[in-house]
Novice: 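Input: one structure, supplied below.
Numbering of ligands and ligand atoms starts at 1, following listing order.
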Amino acid sequence: MDRLAGNARLMIVSDLDHTMVDHHDPENLSLLRFNALWESNYRNNSLLVFSTGRSPTLYKELRKEKPMLTPDITIMSVGTEITYGNSMIPDEGWVEFLNKKWDRNIVSEETSKFPELTLQSETEQRPHKVSFYVQKDKAQDIMKALSTSLEKRGLDVKIIYSGGMDLDILPQGAGKGQALAYLLTKFKAAGKLPNNTLVCGDSGNDAELFSIPDVHGVMVSNAQEELLQWYAANAKNNPKIIHATERCAAGIIQAIGHFNLGPSTSPRDVMDLSNTKMEKFDPAYEVVKFYLFYERWRRAEVEHSERYLANLKSVCCPSGTYVHPSGIEKLLCDCVNSLKTCYGDKQGKQFRVWVDQVLPAQVGSASWLVMFKKWEQSGEVRQCCLTTVLLSSEDVSVTQGLTWVHVHQTWLDGAGPNSQTTWLF
Ligand code: GLC
Ligand code: MG
């Protein structure tokens, strides 16, 4: 929450399943496109918030399966759990607030009287969330009856139907929308309201996000019937909400462009990155660009041309070194040379590279220290290095680009060395 000194340029609050993450795209292309856009243009000055129905357990599973970025704030279990930063520190104030007029035992007792309700797995039952499956055609009637019986027992609850199968019971003050409103109130009190907020969703539990005042919203093209119905009944005259024509994360990128919230061209959509016109030195963009080139080189998606390697060498400081995660030290120029032999070695294979949490810090009048996590997925094997790069603008023009002075990598805990793969950068 305190990462940014000022107001965020943009805060994206996005659902995960079928919104940020497309479960029908095994290549994860739209997610990877979003990642490159976010890391090159927004990470440093904006806030990424994931808001999912998943419990912490299932959220962590998804992160292992898909090339997801690390959010600044994670809202889980349908807006009942809010956590901050990489170590996911819980918001205790939110927990306290949700305890009002809530008694899980009464919910369990009352719901057990409905044979149409099938309890979801144990991991999805949370302190402020009780979840079931229920058939689509029975959902409306059951929700009505449940709400009456819980009210009679003195509880003030919210019942949400999502994805044509999931039924969640939460305290009335909970939900994705309420959790966002709570965050916005906190930001306001600290004088740090984001300049713009974009909410993104596809299903019933996302509807509330779209009713928060002053936010922009995108329902991705593949949004569920229940969300589109809610929109038709409640928000169709709101020009700040669109139904994208693109699926999942591509719909989010589309909305950034539609509402003019900032740059909306992902570096992944630019084929020749060596020609990009820069207005100022941009260390984050430099890092994203390099690793995209590296992926394309190994997938043989760029021309097999010496020109690229010569360009790369020209931005390496002649005495610059690279400390490999194994501890071996090499000259940066030698590393570029070793790229020669691996052109196309991943052609036609599953091979993706992405960077997460690219955070540059200016450490001198002409130098930046950029820290980030560099991920590489090759087939089933996924590895990650905490990476530090020292870049310099001494004696070079913006068009020439920053000079790479030093690169240092350390295996990320639990995502370390693997004998089957070669780690080059
Ligand atoms: C996620 C959760 C599930 C919940 C659903 C809808 O799938 O795992 O418990 O019912 O979202 O909110
Ligand atoms: Mg969803």
Novice: Indicate the atoms forming the closest heavy-atom contact of Glu208 with Gln178, along with that distance.
Specialist: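 What the structure gives for the nearest pair is OE1-N, 3.7 Å.
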Novice: Provide the protein N, O or S atoms situated under 2.8 Å from the Mg ion (ligand 2); waters are not included.
Specialist: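 Counting only protein N, O or S atoms under 2.8 Å from the Mg ion (ligand 2), the list reads Asp15 OD2, Asp17 O, Asp202 OD1.
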Novice: Between Glu124 and Ser131, is any side-chain donor less than 3.5 angstrom from a side-chain acceptor?
Specialist: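 Short answer, no.
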Novice: Checking side-chain polar atoms at under 3.5 Å, does Asn99 have a donor or acceptor matched by the opposite partner on His128?
Specialist: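 Short answer, yes.
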Novice: With sequence neighbours left out, write down each residue that passes salt bridge (Lys or Arg N to Asp or Glu O under 4.0 Å) with Arg63, or none if nothing qualifies.
Specialist: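 If we apply the salt bridge (Lys or Arg N to Asp or Glu O under 4.0 Å) test to Arg63, skipping adjacent residues, there are no hits.
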Novice: Under a 3.5 Å cutoff, is there a donor and acceptor pairing between the side chains of Asp166 and Tyr161?
Specialist: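 No, Tyr161 and Asp166 have no side-chain donor paired with an acceptor closer than 3.5 Å.
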Novice: Please determine, by modelled atom types, if Lys176 and Asn205 share a side-chain donor-acceptor pair under 3.5 angstrom.
Specialist: yes
Novice: Assess whether a salt bridge exists between Lys186 and Asp91, defined as any Lys/Arg side-chain N lying under 4.0 Å from an Asp/Glu carboxylate O.
Specialist: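 Salt bridge flag = yes for Asp91 with Lys186.
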Novice: Between ligand 1 and the protein, tabulate every N or O atom pair separated by less than 3.5 Å, reporting distance only.
Specialist:
residue  : atom   : partner : partner atom : Å
ligand 1 : 8 (O)  : Glu124  : OE1          : 2.6
ligand 1 : 9 (O)  : Gln120  : OE1          : 2.5
ligand 1 : 9 (O)  : Lys129  : NZ           : 2.7
ligand 1 : 10 (O) : Gln120  : NE2          : 3.0
ligand 1 : 10 (O) : Asp168  : OD1          : 2.6
ligand 1 : 10 (O) : Asp168  : OD2          : 3.4
ligand 1 : 12 (O) : Asp168  : OD2          : 2.6
ligand 1 : 12 (O) : Asn205  : ND2          : 2.7

Novice: When you look at CG of Asp214, are more than 12 heavy atoms from neighbouring residues, nucleotides or ligands closer to it than 6.0 Å?
Specialist: no
Novice: Tell me which donor-acceptor pairs under 3.5 Å the side chains of residues 136-143 have, and how far apart each pair is, sequence neighbours excluded?
Specialist:
none

